[in-house]
Amino acid sequence: MDESIEIFDRRTVRRHRDRAADGFQEHDFLFREVGERLLDRLDDVKREFSSILELGCRTGGLSPALQRKYPEANLVSCDFSPAMALHAKQESTARPIVNVDEEALPFAPGSFDLVFSVLDLHWVNDLPGCLLQLRQAMRPDGLFLAAVLGGDTLFELRSSLVQAETSLESGLSPRISPMTELRDLGGLLQRSGFALPVADADNLTVTYTNPFRLMQDLRAMGESNAACHRRSSFSRRETLTRAAELYFEQFADAQGRVPATFQVFYMTAWSPHESQPSPLRPGTAAQRLADALGSQEESTDDPVQ
């Protein structure tokens with residue numbers, strides 16, 4: 001019997017977001033920055049959208065900007081956390097805001113012509129299944145635009161914790177949640193039935209006075225470790241202190257501040273439509289490549305090395 005692999009404890013993901021909901025707007029800088037960059041990409045899309053799904057809206061901080069960009073569109077915002085969705089609903093009662101599980105979406109086929117998601121899908125266990133559900137919920141020639149955290153996120157914190165735990169405790173525990181790699185995203189989008197997939201990366205660096213402020217921010221953002229095999233007990237004070245010392249020693253800048261790198265992957269794809277460009281069948285080209293390049297075509301009997 002095939003069983004889906006569980007990487008993340010989804011109940012813990014929800015609990016972390018619920019816990020962070022009340023104070024999230026004071027710690028949403030990463031969400032807003034990535035969201036604004038994702039919104040900027042919509043400026044290059046010269047078309048209107050009439051039905052939009054905002055997947056992972058948190059407390060609704062980006063929703064007004066999305067609504068201003070497409071004032072005539074029907075915007076549906078949703079989040080995995082009931083507490084986050086409630087805060088978003090308190091900010092705006094004029095549009096649908098619902099609590100949904102990204103792994104079991106409730107939307108009917110052909111509901112949306114734009115799906116917009118900011119830093120949400122990296123907590124999904126079955127990402128191919130989630131992408132497939134999203135594609136099925138989209139109309140033909142609809143746009144999927146999303147940002148997720150990549151595998152190099154918080155490599156400074158990961159390295160420091162690994163070194164400290166290795167030297168002071170017996171063995172290691174997963175302290176940073178596993179994340180996807182850029183090379184996998186295009187293939188995942190294609191497997192899910194999307195057309196014209198594009199994935200690219202960007203790094204955002206935030207500096208802190210000390211690593212403990214970073215850990216506090218992660219908790220306040222609802223982004224604490226939710227891996228299924230994470231450590232079940234509290235971390236030893238000695239280990240965390242040593243990790244902070246290593247963080248300073250290896251990564252601090254000239255001003256004594258420590259960086260935290262967030263690697264962001266952006267995904268762009270379209271639900272299939274007959275009007276979209278597609279590659280020609282082999283042998284149907286109307287012009288030789290040599291003519292297009294203005295070069296001389298030469299044959300060779302030598303095998304390709």
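Below, each value reflects all heavy atoms present in this structure, side chains not excepted, and no hydrogens, waters or symmetry copies.
Nearest heavy-atom pair, Leu182 versus Phe265, reported as atom, atom and distance to 0.1 Å: N-CE1, 3.2 Å. Summarising the geometry of Leu240 relative to Phe212, their closest heavy-atom pair is O-CZ, 3.8 Å, with the distance given to 0.1 Å. Residue Phe116 comes nearest to Gly35 through the heavy atom pair CZ-O, 4.0 Å, listed as atom of the first residue, atom of the second, then distance. Nearest heavy-atom pair, Ser77 versus Ser63, reported as atom, atom and distance to 0.1 Å: OG-OG, 3.6 Å. Listed here is the closest heavy atom pair of Asn99 and Asp79: ND2-O, 2.9 Å. Between Cys130 and Val124, the shortest heavy-atom contact is CB-CG1, 3.9 Å.
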Evaluate Phe24 against His87 for side-chain contact (heavy atoms from CB on, under 4.5 Å), listing each step before the verdict. CA-CA 10 Å; Phe24 180 74; His87 274 273; over 6 Å; no
Go through the steps to decide whether Asp120 and Arg17 satisfy the test salt bridge (Lys or Arg N to Asp or Glu O under 4.0 Å), and finish with yes or no. CA-CA 11 Å; Asp120 182 63; Arg17 282 202 194 173; 2.7 Å; yes
Worked check of side-chain contact (heavy atoms from CB on, under 4.5 Å) between Leu66 and Ile52: CA-CA 9 Å; Leu66 196 56; Ile52 302 172; 4.0 Å; yes
Between Leu188 and Leu127, is a side-chain contact (heavy atoms from CB on, under 4.5 Å) present by the stated rule, with each step listed? CA-CA 8 Å; Leu188 287 176; Leu127 184 55; 3.8 Å; yes
Please lay out, stage by stage, how His27 and Glu223 fare under the test side chain to side chain donor-acceptor pair (under 3.5 Å). CA-CA 11 Å; His27 301 270; Glu223 294 292 323; over 6 Å; no
Please evaluate residues Asp101 and Arg10 with respect to the criterion side-chain contact (heavy atoms from CB on, under 4.5 Å), reporting the C-alpha separation (whole Å), side-chain torsions for both, the decisive distance (0.1 Å), and the verdict. CA-CA 9 Å; Asp101 185 345; Arg10 296 283 289 169; 2.8 Å; yes
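Because its NZ or CZ atom is both nearer than 6.0 Å to the ring centre of Phe80 and within 45° of the ring axis, Arg14 counts as a cation-pi partner of that residue. Judged by a 6.0 Å distance limit and a 45° cone about the ring axis, Arg139 is not positioned over the six-membered ring of Phe112.
Defined by atom type and a distance below 3.5 Å, a donor-acceptor pair is present between the side-chain atoms of Asp18 and Ser81. There is no side-chain donor-acceptor pair under 3.5 Å between Glu102 and Trp123. A donor-acceptor pair shorter than 3.5 Å can be found between the side chains of Gln163 and Gln250. Side-chain atoms of His16 and Asn225 form no donor-acceptor pair, as typed in the model, at a separation below 3.5 Å. A donor atom on one side chain and an acceptor atom on the other are not found under 3.5 Å apart for Asp28 and Thr59.
Gln133 contributes a side-chain N or O that, together with a main-chain N or O of Glu103, makes up a donor-acceptor pair within less than 3.5 Å. Side-chain N or O atoms of Thr153 include one that pairs as donor or acceptor with a backbone N or O of Gln263 at under 3.5 Å. Side chain of Ser160 to main chain of Leu157: no donor-acceptor pair is present (N/O by atom type, distance under 3.5 Å, no hydrogens or angles). Remark: side-chain polar atoms of Arg135 are not paired, donor with acceptor, to backbone N or O of Ser271 under 3.5 angstrom. The backbone N or O of Pro197 sits nowhere less than 3.5 Å from a side-chain atom of Gln190 that would complete a donor-acceptor pair.
Annotation: the span from Arg219 atom CZ to Gln216 atom CD amounts to 9.5 Å, rounded to 0.5 Å. Rounding to the nearest 0.5 angstrom, the gap separating the SG atom in Cys228 from the CZ atom in Arg11 is 9.5 Å. Summarising the geometry, atom CZ belonging to Arg191 is positioned 9.5 Å from atom CG belonging to Asp184; distances are rounded to the nearest 0.5 Å. Asp202 CG to Arg37 CZ: the interatomic distance, rounded to the nearest 0.5 Å, is 4.5 Å. Rounded to the nearest 0.5 angstrom, Gln136 CD and Ser111 OG are separated by 11.5 Å. Atom CG in Asp253 sits 10.0 Å away from atom CZ in Phe248 (nearest 0.5 Å).
Taking 4.0 Å as the cut-off between side-chain N and carboxylate O, Lys69 and Asp40 do not count as a salt-bridged pair. Using a 4.0 Å cut-off between a side-chain N of Lys or Arg and a carboxylate O of Asp or Glu, Arg32 and Glu36 do not qualify as a salt bridge. Under a 4.0 Å N-O distance rule, the pair Asp9/Arg15 does not qualify as a salt bridge.
Counting heavy atoms from C-beta outward, Met221 and Phe31 have side chains that stay 4.5 Å or more apart. Counting heavy atoms from C-beta outward, Glu48 and Glu72 have side chains that stay 4.5 Å or more apart. Counting heavy atoms from C-beta outward, Glu54 and Cys78 have side chains that stay 4.5 Å or more apart. The closest side-chain heavy-atom distance from Leu55 to Leu105 is below 4.5 Å. The shortest distance between side-chain heavy atoms of Arg257 and Thr209 falls below 4.5 Å. When side chains are defined from C-beta on, Leu119 counts as touching Leu149, because their heavy atoms get closer than 4.5 Å. Side-chain atoms of Asn203 and Phe262, non-hydrogen and from C-beta on, never get closer than 4.5 Å to each other. Between Leu214 and Tyr247 the shortest side-chain heavy-atom distance falls below 4.5 Å.
Put simply, Leu134 and Leu143 are part of two different groups of oily side chains (I, L, V, M, F, W, Y) that touch within less than 4.5 Å, one to the next. Leu204 and Met267 fall into different hydrophobic clusters, where Ile, Leu, Val, Met, Phe, Trp and Tyr are joined by side-chain heavy atoms under 4.5 Å apart, directly or via other members. No continuous path of hydrophobic side-chain contacts links Leu145 to Met138 [ILVMFWY only; heavy atoms under 4.5 Å]. A continuous path of hydrophobic side-chain contacts links Leu161 to Val206 [ILVMFWY only; heavy atoms under 4.5 Å]. Hydrophobic cluster membership differs between Ile97 and Phe107, with clusters built from Ile, Leu, Val, Met, Phe, Trp and Tyr side chains linked at under 4.5 angstrom.
The neighbour count for Arg19 CZ, taken as heavy atoms of other residues, nucleotides or ligands under 6.0 Å away, is above 12. Taking a 6.0 Å sphere around CZ of Arg41, one finds it holds more than 12 heavy atoms contributed by other residues, nucleotides or ligands.
The side-chain contact (heavy atoms from CB on, under 4.5 Å) test with Phe144 is passed by exactly one of Leu131, Leu53, Thr268: Leu131.
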